[in-house]
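This report concerns only the one structure given below.
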Amino acid sequence: MSRAMPDPKKIIIPAEDADGNFRMLRVSEVNMITGEVEGDPESAAIFHVGGKTYKNVHTEKGAQGFNEYWSANKHKHKGDVIPGMRIKE
């Protein structure tokens, strides 16, 4: 049995810029997604938002930013979806 796709406005992605600065992206604000290695579907996704690029959180600095953000703001994300994780209502 398949599940319905969540509303793109409810899907959020923990991401970081090239300097490791954390940002929570909404899928609805992503202009384009490309691969880190062009033509390789297994390479890391690059999210293009407003002229800037982001990757999924993968550095210690980005992970720390996510942990700090999430501790202070998870109540704002009830019903949102992080791929691979459902945030309880």
Side-chain angles (χ1 to χ4, degrees):
M1 178 155 69
S2 65
R3 297 173 91 175
M5 287 294 295
D7 179 349
K9 293 178 184 170
K10 301 298 278 177
I11 301 172
I12 55 178
I13 303 166
E16 63 185 44
D17 65 15
D19 295 323
N21 298 309
F22 172 77
R23 177 165 176 205
M24 189 68 83
L25 302 177
R26 288 219 174 264
V27 167
S28 59
E29 69 182 341
V30 175
N31 305 107
M32 182 173 57
I33 300 172
T34 58
E36 188 171 42
V37 178
E38 192 172 331
D40 181 357
E42 300 297 318
S43 68
I46 307 287
F47 304 99
H48 301 263
V49 179
K52 294 186 177 185
T53 59
Y54 300 87
K55 291 183 184 180
N56 283 320
V57 169
H58 66 282
T59 66
E60 187 173 327
K61 181 179 177 182
Q64 181 179 356
F66 172 75
N67 290 335
E68 290 170 4
Y69 174 87
W70 197 248
S71 293
N73 296 287
K74 65 182 166 191
H75 64 283
K76 296 178 183 178
H77 293 286
K78 294 212 184 291
D80 285 344
V81 176
I82 294 177
M85 177 177 134
R86 177 82 177 162
I87 302 162
K88 295 182 180 178
E89 299 286 339

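Note: hydrogens, waters and symmetry copies are ignored here, and every other heavy atom, side chains too, is used. When a residue number appears, it is its place in the shown sequence, counting from 1.
Within the structure, every pair that satisfies the salt bridge (Lys or Arg N to Asp or Glu O under 4.0 Å) test and touches residues 45-70, not counting sequence neighbours, is listed here: E36-K55.
Annotation: the span from E16 atom CD to N21 atom CG amounts to 8.5 Å, rounded to 0.5 Å. A distance of 5.0 Å separates CG in D17 from CG in D19, rounded to the nearest 0.5 Å. We find the CZ-CG distance between F47 and N56 to be 4.5 Å, quoted to the nearest 0.5 Å.
Qualifying side chain to side chain contact (heavy atoms under 4.5 Å, CB included) partners for N31, counting only residues two or more places apart in sequence or in other chains: none. Take Y54 and apply the ring pair (Phe, Tyr, Trp, His ring centres under 6.0 Å) test, not counting sequence neighbours, and it matches no residue. Residues satisfying the side-chain hydrogen bond (donor to acceptor under 3.5 Å, both in side chains) criterion with T53, sequence neighbours excluded, are absent altogether. Remark: A63 pairs with V57 by the side chain to side chain contact (heavy atoms under 4.5 Å, CB included) rule, at least two apart or across chains. Residues meeting the side-chain hydrogen bond (donor to acceptor under 3.5 Å, both in side chains) test with S28, sequence neighbours left out: none. Every side-chain hydrogen bond (donor to acceptor under 3.5 Å, both in side chains) that N73 has, sequence neighbours left out, goes to K76.
Inter-residue side-chain proximity for V30 and M32 is flagged as unmet; no heavy-atom pair is nearer than 4.5 Å.
Using bins of under 30°, 30° to 60° and over 60° for the plane-to-plane angle, the ring pair W70/H77 lands in the parallel bin.
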Please list every donor-acceptor pair under 3.5 Å in which a side-chain atom of residues 6-15 meets a protein atom from a residue at least two apart or in another chain.
residue : atom : partner : partner atom : Å
D7      : OD1  : K9      : N            : 2.9
K10     : NZ   : D80     : OD1          : 3.3

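In the hydrophobic clustering of this structure, I46 does not group with V27; members are Ile, Leu, Val, Met, Phe, Trp, Tyr whose side-chain heavy atoms approach within less than 4.5 Å, directly or through other members.
V49 approaches R23 most closely through the heavy-atom pair CG1-NH1, 3.8 Å.
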